[in-house]
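Read the structure below first, then the notes.
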Amino acid sequence: MILLATPAQARQLAALEATQPHAAGWKEKGFQTELTQPHAQIWLHIRMEKITGFLALRSVGDFAEILNVAVSPLHTRQGIARTLLNHALAQLAEKQVKQVSLEVAQDNPPAIALYTQAGFQVLGKRKDFYAPGRDGLIMGKDL
């Protein structure tokens with residue numbers, strides 16, 4: 001099941017984020033703040049009443065940016081990230097969004113493969129974006 005997150009779930013989201021090998025470093029307060037922003041959405045993947053993954057994005061007008069994607073270590077390689085991404089892209093297309101972008105660590109091949117398979121292309125690189133020696137790739141897709 002896929003649902004929109006609420007600020008009351010910020011602690012659970014932060015705990016899930018902390019389990020990620022390529023964590024973006026979001027904390028509970030960051031999730032609470034994000035969930036109160038008018039153009040922000042965090043989609044949850046729920047299985048047996050537990051959050052197994054999330055995808056955070058912002059959209060304004062005809063442009064959207066995927067900010068963060070995480071899947072529980074107990075549920076990786078089960079298509080959850082793909083399901084969340086496909087759901088989010090479908091919702092954005094319904095809202096007449098024309099372009100979506102994201103940043104991903106260059107040393108995260110599973111995420112890069114997911115985005116490439118979904119039709120995203122590398123648009124550029126940000127040197128040392130995540131840390132010294134950890135470049136970020138800017139990827140985008142037209143809807």
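If you're wondering where the values come from, they're calculated on a predicted model, not measured in any experiment.
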Derivation and outcome, side chain to side chain contact (heavy atoms under 4.5 Å, CB included), residues Q78 and H45
CA-CA 12 Å; Q78 297 178 16; H45 186 277; over 6 Å; no
Residues F120, L114; criterion side chain to side chain contact (heavy atoms under 4.5 Å, CB included); working and verdict:
CA-CA 9 Å; F120 284 81; L114 170 69; over 6 Å; no
Show your working on side chain to side chain contact (heavy atoms under 4.5 Å, CB included) between W26 and L13 and close with a plain yes or no.
CA-CA 9 Å; W26 289 24; L13 294 170; over 6 Å; no
Derivation and outcome, side chain to side chain contact (heavy atoms under 4.5 Å, CB included), residues Q12 and K50:
CA-CA 9 Å; Q12 292 171 282; K50 293 191 185 260; over 6 Å; no
Show me the side-chain donor-acceptor pairs of residues 85-96 shorter than 3.5 Å, one per line, residues at least two apart or across chains.
from, atom 1, to, atom 2, distance (Å)
N86, ND2, R82, O, 3.4
K95, NZ, S59, OG, 3.0

Ignoring hydrogens and angles, write down the donor-acceptor pairs under 3.5 Å from the side chains of residues 63-74, residues two or more places apart or on other chains.
from, atom 1, to, atom 2, distance (Å)
N68, ND2, E17, OE1, 3.2
S72, OG, L74, N, 3.2
S72, OG, H75, ND1, 3.3

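Distance check, rounded to the nearest 0.5 Å: OH of Y130 to CD of Q106 gives 11.0 Å. In this structure, OG1 in T83 is found 6.0 Å from CD1 in I2, a value given to the nearest 0.5 Å. For the atom pair CD1 (I42) and CG (L4), the distance works out to 9.5 Å, reported to the nearest 0.5 Å. Atoms CD and NZ, on Q99 and K141 in that order, are 12.0 Å from each other to the nearest 0.5 Å. Atom CG of L137 is separated from atom CD of Q121 by 13.0 Å, given to the nearest 0.5 angstrom. Here the CG atom belonging to L57 is positioned 12.5 Å from the NE2 atom belonging to H39, to the nearest 0.5 angstrom.
For the side chain to side chain contact (heavy atoms under 4.5 Å, CB included) with V104, the qualifying choice from I138, I112, V122 is I112, the only one to do so.
Smallest separation of non-hydrogen atoms from A10 and F31: CB-CB, 3.8 Å. Taking each heavy atom of P7 and T36 in turn, the nearest pair found is CG-CG2, 4.4 Å.
D128 places no side-chain N or O within 3.5 Å of a backbone atom of D135 that could act as its donor or acceptor partner. Looking at Q37, its side chain never comes within 3.5 Å of a backbone N or O of E34 through a donor-acceptor pair.
No more than 12 heavy atoms of other residues, nucleotides or ligands lie within 6.0 Å of CZ in R11, so this atom counts as exposed by the packing criterion.
A single hydrophobic cluster is seen to contain both I46 and F54, as judged by linkage of ILVMFWY side chains at heavy-atom distances under 4.5 Å, directly or through other members. In the hydrophobic clustering of ILVMFWY residues, with side-chain heavy atoms under 4.5 Å counting as a link, L55 and Y115 come out together. There is a path of hydrophobic side-chain contacts, each under 4.5 Å, that joins I51 to M1.
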